[in-house]
> 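Got a structure here, written out as structure tokens. Questions coming.
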There are 2 protein chains.
Amino acid sequence: MARRSVPHRPTIADVAALAGVSKGAVSRAFNGGERISAATIQRIHDAATQLGWVPSAAARAINGAPTQAVGIVVRRPPELLDIDPFFPAFLAGVETVLARHEYATIIRFVEGAKQERACYERMMAERQVDGFLLNDLRRPDFRFRLLSGMGAPAVVVGTPGPSCPYPSVDSDSTPRVRQLIEHLIAMGHRRIAHVTGVPELLHSRARETLWRQTLADHGIEPGPVAVGNFVAAGGAQATRQLLAEPRRPSAIFYGNDVMAVGGMAVLAEHGLRVPEDVAVAGFDDIELASYLTPALSTVHCDYPGLGRAAAEMLLTAIGGTAPSWRVTLPTQVRLRRSTANTG
Amino acid sequence: MARRSVPHRPTIADVAALAGVSKGAVSRAFNGGERISAATIQRIHDAATQLGWVPSAAARAINGAPTQAVGIVVRRPPELLDIDPFFPAFLAGVETVLARHEYATIIRFVEGAKQERACYERMMAERQVDGFLLNDLRRPDFRFRLLSGMGAPAVVVGTPGPSCPYPSVDSDSTPRVRQLIEHLIAMGHRRIAHVTGVPELLHSRARETLWRQTLADHGIEPGPVAVGNFVAAGGAQATRQLLAEPRRPSAIFYGNDVMAVGGMAVLAEHGLRVPEDVAVAGFDDIELASYLTPALSTVHCDYPGLGRAAAEMLLTAIGGTAPSWRVTLPTQVRLRRSTANTG
């Protein structure tokens, strides 16, 4: 593995010297980060970035030409492709970049951790791919050690923990969800309900937490919560639950736009006007959000941009250069008529 | 290629004998269908189906174990993943079946015919895949001869021409588009406009033709046509054009639902009520169609079902058995309030 087939290519020893640590520490920093502090990991990654060193460089030089494919292993039901607007939009961004470089994507849907692990191992062993995009992070995530141990380049899509040995790209919606809730508060709402997505998913929980915290920061008791599972039918059902409460909410923050559309249909059924009787806000800014009647206030996330950035970073890593380390893409609040009492 | 490693497996000679043709004719029937009539091709395919023979069987037996991957090469801009509801829904169906069989999908977006051809050749030469799903058929389609010449199993998604050497699965919306237009006629509409998708795409042109023919069959002059390119913004822009016509249409058939949503926003801007002033119909039956206000009349296509069927058929072919030859899935008209003058 230490063979230097390309002169002047930086080695693990160069990184260790620059970071002032042992070669073993560099290896561990890219290997799951065991027995090593977050600050040291950061220093080692900074050194690697500065030198343009990636852990897979040696392995790559030995193995020869790239296979020109990138792997995406998804441990969620395949239906999400049809349901969650994130995935097709993200994939469109990924493919835009890969097409330009004549790269393919290998997509595999798996059911559990065991199948997932076997899938990564096989893809690497048979050199089906040159690297991976890692979505749907878990804490802890066994993929970090598994892949870095195999010298596989990868880019994380989402919020990486402190010991994540891979570059990452994320879109930070935290300030924007807060801003959306504060807009509802500014419009005079004091009973603001929430319809959650799939409670098991980190990003669904993150939106609920932000809603709760923002209300708490303003001394407002959170309104009722109902589960909508990120689908329109779930949003409709959750809205029926909320309307059955003794005190009707004056505003509802839905965990995504399609649930908000489902909810608005139920509000119309009940003769309630949006926004005059109930204000409605969503998340995603789907293509149709601005064309609904009323147009839907939401948080705009650039999912194709996230896909493009992730693919660019991965191709950089595959090429043997260290990509940007922690990339965060901005999101925007789109305030439209569904939250504006002054139409 | 003629080595019989598996006893009792049907050979090309068996198929030729049963169909009463030469082995060369069988080969040509699976090889682009040159110098051979459509009726003979059909007879040969019937014989192959009866015997469970597929042209790749011998190649497969020689080459060993399957790679457990299926290829999808797409000669369209990658943005379609984010824009056209067909693709993610279809892919979700494909992945549902493939996940169960622990198969992956290799997706490659290409720009032109040359890149497309090279991509198929490389995927086969390196045995990256066991077979292909063929979308977006062209007439003529060079893939038929290319792939059958390499002995690659494939399943066509869409309407195959008479010389198509592969099994196919399609959803037949012809009677349903007709039914939708006839519903508008029955509601008293005589000036029915159309907003087309992307004029270059076969399915976009097919919907326009059906709209035109149905009106002609009822002695009604077709209303004006505007191009919406299958996106909401395009549907909005096309609707503005239609409303600028000297005689306003009383009904608009949009080539897909998202264009109809864009159009309904513009109608609302102009103070026109749906369906009282202008009736609106779409195509696709997207998740949100029944939750819009008013709910949208449309043609429901089971895209995940199409993906599942295509994947099942391809796995059958890869497994060495002939799948069903020409499969057509039904579609349904969903009549909702956007076309109902009696609310």
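Throughout, a chain's letter reflects where its sequence line sits, starting with A, and its residues are numbered from 1. Quick caveat: nothing in here was measured; it's all calculated off a predicted structure.
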> Quick check on A/V261 against chain B: is it the side chain, the backbone, both or neither that has a heavy atom closer than 4.5 Å?
both
> Is chain B contacted by the side chain of A/L98, its backbone, both, or neither, given a heavy-atom distance below 4.5 Å?
neither
> Answer with side chain, backbone, both or neither: which region of B/V258 has an atom nearer than 4.5 Å to a non-hydrogen atom of chain A?
both
> How close do A/L292 and B/L292 get, counting heavy atoms only, and between which atoms?
CD2-CD2, 3.7 Å
> Which bit of A/A295 comes within less than 4.5 Å of chain B, counting heavy atoms only: side chain, backbone, both or neither?
neither
> Relative to chain B, which segment of A/F90 carries a heavy atom at a distance below 4.5 Å: side chain, backbone, both, or neither?
neither
> Between A/D82 and B/A92, what is the shortest heavy-atom contact and its length?
CB-CB, 3.9 Å
> For the candidates B/M264, B/Q128, B/M123, B/Q115, which exhibits the highest count of non-hydrogen atom pairs separated by less than 4.5 Å from chain A?
B/Q115
> Relative to chain B, which of A/E79, A/R122, A/E269 shows the most heavy atom pairs under 4.5 Å?
A/R122
> Less than 4.5 Å to any heavy atom of chain B: does that hold for the side chain of A/T105, its backbone, both, or neither?
both
> Quick one: what part of A/I72 sits under 4.5 Å from any heavy atom of chain B, side chain, backbone, both or neither?
neither
> What option among A/S290, A/G263, A/A233 has the most heavy-atom pairs under 4.5 Å with chain B?
A/A233
> Let me know if B/R100 has heavy atoms under 4.5 Å from chain A in its side chain, its backbone, both or neither.
neither
> Which pair of non-hydrogen atoms, one from A/I106 and one from B/A104, has the smallest distance, and what is that distance?
CG2-CB, 3.7 Å
> Among B/A89, B/G235, B/G71, which has the most heavy-atom pairs under 4.5 Å with chain A?
B/A89
> If you round to the nearest 0.5 Å, how far is CZ of A/R76 from CD of B/E95?
14.0 Å
> Would you name the heavy atoms of A/Y291 and B/A236 that are closest together and state the gap between them?
CE2-CB, 3.9 Å
> What part of A/A268 gets closer than 4.5 Å to chain B, counting heavy atoms only: side chain, backbone, both or neither?
side chain
> Tell me, side chain or backbone of B/Y103 under 4.5 Å from chain A's heavy atoms, or both, or neither?
backbone
> Below 4.5 Å from any heavy atom of chain B, which atoms of A/E102 appear? Answer side chain, backbone, both or neither.
both
> Shorter than 4.5 Å, heavy atoms on both sides: which option in A/V74, A/V110, A/L91, A/T293 has the most such pairs with chain B?
A/L91
> Surrounding CD of B/E111 (heavy atoms of other residues, nucleotides or ligands, distance under 6.0 Å), is the total greater than 12?
no
> By a 4.5 Å heavy-atom criterion (distance strictly below it), what part of A/V231 contacts chain B: side chain, backbone, both, or neither?
both
> Which heavy atom of A/E287 sits nearest to which heavy atom of B/I83, and what is that distance?
OE1-O, 4.5 Å
> For residues B/L81 and A/P88, report the shortest heavy-atom separation together with the two atoms involved.
O-CB, 3.3 Å
